[in-house]
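This report concerns only the one structure given below.
Side chains are part of it too, since the values below use all heavy atoms of this structure and drop only hydrogens, waters and symmetry mates. Reminder, nothing fancy here: chain letters follow the sequence lines and each chain counts from 1.
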Number of protein chains: 4
Amino acid sequence: MAGSSFGNIFKITTWGESHGKALGVVVDGCPAGLLLCEEDIQRYLDRRKPGTSSITTQRKEDDRVEILSGIFEGKTTGTPISMMVRNTSQISKDYGNIATCYRPGHADYTFDQKYGFRDYRGGGRSSGRETIGRVAAGAIAAKLLSEMGVTVQAYTRSIGPIEADLTDFDEKAILETPTAMPDRTANEKAVLYLEEARKRTESVGGCMECRVTGLPAGIGDPVFEKLDANLAKAIMSIGAVKAVEIGDGHTVSSRFGSENNDAFRMKDGQVVKSTNHAGGVLGGISDGDVLLLRAYVKPTPSIYLSQQTVNQNGEEIDLMIQGRHDPVIVPRAVVVMECMTAITVLDAMMLNMTSRAEYLVNFYLRN
Amino acid sequence: MAGSSFGNIFKITTWGESHGKALGVVVDGCPAGLLLCEEDIQRYLDRRKPGTSSITTQRKEDDRVEILSGIFEGKTTGTPISMMVRNTSQISKDYGNIATCYRPGHADYTFDQKYGFRDYRGGGRSSGRETIGRVAAGAIAAKLLSEMGVTVQAYTRSIGPIEADLTDFDEKAILETPTAMPDRTANEKAVLYLEEARKRTESVGGCMECRVTGLPAGIGDPVFEKLDANLAKAIMSIGAVKAVEIGDGHTVSSRFGSENNDAFRMKDGQVVKSTNHAGGVLGGISDGDVLLLRAYVKPTPSIYLSQQTVNQNGEEIDLMIQGRHDPVIVPRAVVVMECMTAITVLDAMMLNMTSRAEYLVNFYLRN
Amino acid sequence: MAGSSFGNIFKITTWGESHGKALGVVVDGCPAGLLLCEEDIQRYLDRRKPGTSSITTQRKEDDRVEILSGIFEGKTTGTPISMMVRNTSQISKDYGNIATCYRPGHADYTFDQKYGFRDYRGGGRSSGRETIGRVAAGAIAAKLLSEMGVTVQAYTRSIGPIEADLTDFDEKAILETPTAMPDRTANEKAVLYLEEARKRTESVGGCMECRVTGLPAGIGDPVFEKLDANLAKAIMSIGAVKAVEIGDGHTVSSRFGSENNDAFRMKDGQVVKSTNHAGGVLGGISDGDVLLLRAYVKPTPSIYLSQQTVNQNGEEIDLMIQGRHDPVIVPRAVVVMECMTAITVLDAMMLNMTSRAEYLVNFYLRN
Amino acid sequence: MAGSSFGNIFKITTWGESHGKALGVVVDGCPAGLLLCEEDIQRYLDRRKPGTSSITTQRKEDDRVEILSGIFEGKTTGTPISMMVRNTSQISKDYGNIATCYRPGHADYTFDQKYGFRDYRGGGRSSGRETIGRVAAGAIAAKLLSEMGVTVQAYTRSIGPIEADLTDFDEKAILETPTAMPDRTANEKAVLYLEEARKRTESVGGCMECRVTGLPAGIGDPVFEKLDANLAKAIMSIGAVKAVEIGDGHTVSSRFGSENNDAFRMKDGQVVKSTNHAGGVLGGISDGDVLLLRAYVKPTPSIYLSQQTVNQNGEEIDLMIQGRHDPVIVPRAVVVMECMTAITVLDAMMLNMTSRAEYLVNFYLRN
C-alpha cells in the first residue's frame, strides 16, 4: 500500500530518500488563515540537524526548507502545503559492500525481500532523513495547536543508564543541551558516557518522553481510534523505537488496582485527577490532565565494529560500517516524537468537532 | 469520527454496548472461498468467556455467535460477514450511583466530556464486551492465516509479580490453565496470588505476549504503515493496555549497539538471524523471524474498596463499586491480543501483494 | 477490498444478501444527542417497500427495522448505530437454472469471475435489497440535516418517455403517487404506460432527480473531494444507474459560455445567482443555491421474455426469467437517491467544520 | 478535509496553485521494478500543453517535469514518487478587479465562503493547472496498465454541435488534431466552429469519451466501490465536467428492457456480450468487454463579454474577463480524463488481487 500518509483530516504525505534529489512533505487539510512562513518550519528542522555537538554525526546537513504551495499573503489558504528540502551534502560516493550486503539492525534485507531491490545509498527511504517531512509538517500542527492553548514538548528521558531527574524540570535545557535533556547535570553525565562509547566505536540506546499540556478532556474516540492507540502508532512508526508507553506504562503490570486508579477531585470548579498514572487518557479519550508518552529507542545499528552478516548472494561475511553516524539516536529524534504527537493530537481535535449534534447545529445555524 | 473500523483491505467494524440488545461486527474484505462456520468463531469467543474459574468474574456470559451474512454453502462469498451476539444475561437493574458518578480508571468522565452524556449501563461502549466483535473477526483472520502457514499465538507472560518461565514453553497450558500461561507452575502461583488479592477485594495487572510464526519476510510498509506501528495501534486499542513492545522492547534503551544488533547468517540456504532482539521486524517490515509482541495491562479499575471521586454535579464523593469483576484482565484479554494481531498481520499480507510490478503482471497475465 | 463502507466522518457499512438471514447497516460517527427511534427509520424504509401498487413487484417485503445499538434514552450516544432487517418472506425455493446461468443485465457473470462462485439466491449481494442499509442510514442523516435547516428531496423525473412537468411542483404527490412523480397528470400517464409495458412482460427505464435546499455555501472540497464528485460516486453506486448529472448536466456541452454562466447578484444582502445552470456547485464547492442532481436508470433487467445467454459450463442457452419483478426501478429507487445524497452532504458538512483556523480556535477556546 | 488525495493502494496527492512556485504530485503505492523516466511523464504532460493551435489559449506553458524521488537505477523502488513542475511563465501582474470580484462560473465565491479568503492569482488551486499532478500520476498508471495488457484511451466526442463519427475510428487523429477527435472531418468542422465562436469572444462546451480495452472481467467491487462509481467520482472531479455516463448513459432511461439487456454468447471458448449497452460493467464489476465512459464539459467560464456579477463588498458590478483563455476545455481535458481513468482502473485491479482466498494462498505458498 501507500504507507507514506498519516492523519485523517490533517493529513501528511512524506516522500524522498536519503541520497535522492530532495525530501519533502505535502500537508493537506491544514485550515485556512494560519499565519505561516518558512522560518516557522526551519526552527523545527534545525532541532534535528546534526553536527552541532560532539555527540552527533559530523555529517553536514544544512537542510533549508522551501514552501512550494498553500500559502498566500503569509497565511495558509486551506489547500495543500508542499514543502521540500534539497539534498545538498549527500555526496555521490562508492558505497562499497553496503550496496550488496545486509547491515545488521537495518532494513536492507527486508527492503530487498519486499521490493526485489533497493536504493542502497544511505539507507534510501529507511534513512532517518525521511523524518524531515514529519518535522516540517509537525511544525505547522504545533503552531496551530498553540493557538488553541495546547503545547507539545518532547525531551530525552535517558541515554543508556543515565536518566534525567525531572523534579527540577529545566525546560530551556531541552533546546540548549546536546542531549535534549531537561536536566543539565544528567546531560553532562550523558555526554561523558557517549564520548566513552564513541571511543569504543559503540552506540547506545535511550528513552524519550513527550508531554501535551492544555489538551481539553474529550479528545480521541473509543475503540480503534483511541487517542493513545493512534499515538502508539505515530510514535512506533519512528525508526528505532521498540516500545511505546502511556502514563506509567509497563510498570502498571505489577500494581494493585487501588495503587493505580487516579482519584477524581474538584479544583476551582473543574474535575481534576489527584494523580496521573493514566497519563491523561481514560478509555482512549483525553481526561484533561497532562498527556504523557514514552518511547524506548534502540542503539544506532551502524557501528564501526566487525559484525557477522550475509550478502545478496547468500554468502556469510564480516562487515565494518564506515561513515559518520550518531552514537545515539534519541537527541535528534526528540523533535520527531514531538511532531508526530502534535500531528496526531491536532487531527483528533479536528475529528472531535462533530462528536455532538449540538456542535453541528450551533456551527451551521450561527456561522 | 467513526472510530469503530479497523483495517484497510480486511476491514472490521464493531458495534454494540455492554447492556444493549446485542454486540457484533461486520467483516468486510474477507476473500471468497474460505470454509467458515459458526463453530470456527465460537471456539475463539469461548476463550474470552468468564466464569470458568475462580479467578474470573462470576457473571454468566453465554455468548453465542450468529452469522447473518457473507456465507453461502459453507464458504465465504467475498461480501460482508455480519456476526452478532445477543446480550442475554445483562439484567436490567438499578445502576445506583454508577449512573451519575465517575468511576476512577474508567471512561465515564471522558465519555461525558466528549458526548455530553453516556450509556452508563455496564460501561456501555467502553465495556470489555466490545471485544466480542474483535474476537469474532480475528477468528476469521486466524483461519485464513493458518491456510497460508502463519500461526498467531498469545499468552499470559506475567500476573502481578508472577512471571511465566518460557524455557519449557507449554503450549497446551495456554488453553487449559485459568491464567492462560504457558507454564503450569507459574499458573498455580498466579492463581494463589489472585485469590489472595481477591480476598482483599483488590485487582492486579499483568503482561501478555504474542508470537507470530511462519510470517514471510517483506510484510509491512516503510514509514507510517510499519508492521510494528500498526500492531502498536491494534494492541494499544485494547482497553487497559498501557504499554506495547516489539522484540526486546524497553530493555533496548540501556544496551550497546553491538549487544542489540542481530547478526544475519545462512541456514539451509535461507537468510536467518542468529538472535531476535528485533522481534521479527526491521525498518517496519517483517524479517522472516518470529514476530514478538508484548502488552502491559493495568489492574482492573473496578474494585470493591472505597475510592475518592466526583459525580456529574461536581460533588466530591466516596465510591465502592459493587458487582462481579475480574481480579485481573489479562487471561481473558489474551485472545483479544491474538485476534487484533491476526487481523493486522493478514491485512498487511494482503497489501503486500502489490509491492512489485512483476506480481501484478504475473497475476493478470496468468489468472 | 472492503467496498461496503461509505463516508469519512459519518460512515456507513452495509451488509446482507437478498435471501440471507438478514440485512443491515452500521452507522458510525453519528454525533451524540440526536433524538432517534425506530419509527424515524421505518418511515424511510416503507418508501422502498414494494407491493403497494400495480406497478411494483407483487412480492411481499414487510421490512421491519430493529435498532441494536447506539441509542440510549431515546438519543444517539455517538457510538455505532447498528440496524437490522430480518429477511422473512424470502422463501427457500428451487432456483432452477438461475443458479447456473448468467442473466443478461445482471451481475451473475461478473460475481463468478471475481469471487469464483456466488450466492445465486435472488441476486445475493447484488440485489436491490442491499439498499435497505443505505436507506436506514440515510434516514438518520436526513434527520440530522433537517436540524441544520437542510432538506433533501428526490423524486421521479421521467418514466420511459413520460416526463413530469415541474412547473407546478406537487411535493405531496411524490409520496402519494405510485411513480413518486411531483406531477399527478404525468403520474397517471406513466402508470398507463407501465401497465402496457407489463402486459408485454417488458420493463422500462427512467430518470430521477434530487434537490438539496438550505445548504450553505462553502461545502465540499476542491480537487478530488468535490461535493459533486462525491455525489456522483454515491449515486452511481446505486444499482442500475448509468448516468449522473449536476445542474444542467449533459445539455451544457452544446452551449455557449454566455448562456451557461450564472450571474451573481445581491438579494436581501446575500450573494445569489440569477440562474442555476451550475446546479448549486462551483469548483466542487456548494454556492448556496439549490443543489440539483439527476440520475438515469436502466430498465429492470429481469424480464419474462426469452433471452440469449450462457451458463456456467459455457453452453449457449435461452432463458426466461420467472418471478415477480418491478417493471421499472425508479419509483422505489428515489428514496435511495435521497438517502445517498443526504449521507454525502452531511459528511461534507462535517468535514467543512475545520476549513478555517478560526473555526478551531473559536470551538476550543469557547466550548 | 484533505481532499487532494485519490486512490487506495495506488494513491496520488496533488498540490500547487496556478501562480505559485510550482505544482506537483506524490504517487504513493506504485509497485517496485517498473521502468520509469521523466520522458514517460513528459509525453503525457505535453498533451495538456496549450498554445499549439489556434483553438487553445496563447499562453505559453512550457511545463517540464522533474522526478524528485522514488526512482533508482531507472526503476521505481516502491517508495513515493514525487514529481514537480515549476511555474515559469506565470508572470506576476496586476490582477485588477479579479482579486476582489466573483467571476461567474468560477470558484472565486465558493472559495471565499469556505476559506475566508483565496489565492486569486489565475484561479489559485481551482485552476486547470492543478491537473498537471493528475496527468503526471496517470502517466505512471497507464504505463503499468499497459504491461498488464490494459489500454486506456480518451478522445473528444463532440464540440458544441459538432460530433465525431466513430464508425471509422481514426486513432492517430486523436494525438494529431487540435480537437483530439478521432475523425479528421469532424475536427475540421469543429475548428471552424471554434474560430467563429472566438471571434464573438464566446466559449463552447463539448463531450469527451474514454475507452478501456484489455480489462479482465471481475474488476471493481459490489456496493459502494463499484468500478463505475469510482470512475464517476474520478471524472466528475475534473473541473467543468457536469455529467458522467457509463455505456449508453442517459439514453437508457427511455428504453425497454429487451432493448437494453446485452445477451451473453460464447466466442472462442470465452463468454462475450453480443452488444455493449452496459459499457463493460455489470453490478459495478467489469464484464470483460470494453469499458466506455463519457463526460460532458461546460463552456469555458472565462469570456471576454460583459457579465453581471458582485464583488467582495457585496456591490453589483459588470465584468469583462481579459486574458488568454481556451475557447473550449475539452481537447486539453481529454488526457486528464484518460489519466484519472487509468489511476482508478489500476487501483481497482490492485484491490482485486485479494478477492479469493486461493489467490492469497497461492501467492504466499508459491512466492
Side-chain angles (χ1 to χ4, degrees), chain C residues 1 3-4 6 102 104-105 107 110 113-114 116 125-126 161 202-203 205-207 217-218 221-226 228-229 232-233 236-237 242-246 249-250 252-258 260-261 263-264 266 282-283 285 287 296 298-299 301 303 305 308-310 316 351 355-356, chain D residues 1 3-4 6 102 104-105 107 110 113-114 116 125-126 161 202-203 205-207 217-218 221-226 228-229 232-233 236-237 242-246 249-250 252-258 260-261 263-264 266 282-283 285 287 296 298-299 301 303 305 308-310 316 351 355-356:
Chain C
M1 191 185 58
S4 291
F6 187 81
Y102 298 134
T110 55
Q113 288 294 303
K114 183 172 197 73
R125 183 69 178 150
S126 71
E202 267 288 10
S203 64
C207 173
D221 285 283
V223 191
F224 301 115
E225 301 298 324
K226 286 185 166 83
D228 41 349
K233 175 173 178 171
M236 193 68 101
S237 80
K242 301 302 284 183
V244 178
E245 299 185 341
I246 181 105
H250 71 277
V252 303
S253 67
S254 51
R255 289 224 188 104
F256 291 113
S258 63
N260 194 59
N261 283 348
F264 286 111
M266 296 305 297
L282 286 169
I285 303 172
D287 63 14
Y296 295 87
K298 73 177 183 182
I303 46 176
L305 290 169
Q308 293 187 324
T309 192
V310 303
E316 300 194 333
L351 288 167
S355 62
R356 302 187 194 182
Chain D
M1 191 187 59
S4 290
F6 187 82
Y102 298 134
T110 55
Q113 288 294 304
K114 183 173 196 73
R125 183 68 178 152
S126 71
E202 266 288 11
S203 64
C207 174
D221 285 283
V223 191
F224 302 115
E225 300 297 323
K226 286 185 165 82
D228 40 349
K233 174 173 178 171
M236 193 66 101
S237 80
K242 301 302 283 184
V244 179
E245 298 186 342
I246 182 105
H250 71 277
V252 303
S253 66
S254 52
R255 289 224 187 103
F256 291 113
S258 64
N260 194 60
N261 283 349
F264 286 111
M266 296 305 297
L282 285 169
I285 301 172
D287 64 15
Y296 295 86
K298 72 178 183 182
I303 47 175
L305 290 169
Q308 295 186 324
T309 191
V310 302
E316 301 195 333
L351 288 167
S355 61
R356 302 188 195 180

If you tally heavy-atom pairs under 4.5 Å between each of C/A232, C/P299, C/P222, C/G206 and chain D, the highest tally belongs to C/P299

Who among C/P104, C/A263, C/A217 has the most heavy-atom pairs with chain D under 4.5 Å?
C/P104

Below 4.5 Å from any heavy atom of chain D, which atoms of [X] appear? Answer side chain, backbone, both or neither.
X      : result
C/S126 : neither
C/K226 : side chain
C/L305 : side chain
C/E316 : both
C/N260 : side chain

By side chain to side chain contact (heavy atoms under 4.5 Å, CB included) - contacts of C/R356 (at least two apart):
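Listed in chain order: C/E358, C/Y359.
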
Using a cut-off of under 4.5 Å on heavy-atom pairs, state which of [options] scores highest against chain C.
options                : value
D/R125, D/Q308, D/E245 : D/Q308
D/P161, D/P301, D/C207 : D/P301
D/G105, D/S237, D/G116 : D/S237

Report the distance from atom [atom1] of [X] to atom [atom2] of [Y], rounding to the nearest 0.5 Å.
X      : Y      : atom1 : atom2 : result
C/K233 : D/D228 : NZ    : CG    : 11.0 Å
C/M236 : D/M236 : CE    : CE    : 8.0 Å
D/K298 : C/S253 : NZ    : OG    : 13.5 Å
D/N261 : C/I303 : CG    : CD1   : 5.0 Å
D/Q113 : C/I285 : CD    : CD1   : 10.0 Å

Any idea how C/F6 and D/F224 line up, ring-wise: parallel (<30°), tilted (30 to 60°), or perpendicular (>60°)?
tilted

Closest non-hydrogen atom pair, C/A107 against D/G283
CB-CA, 3.8 Å

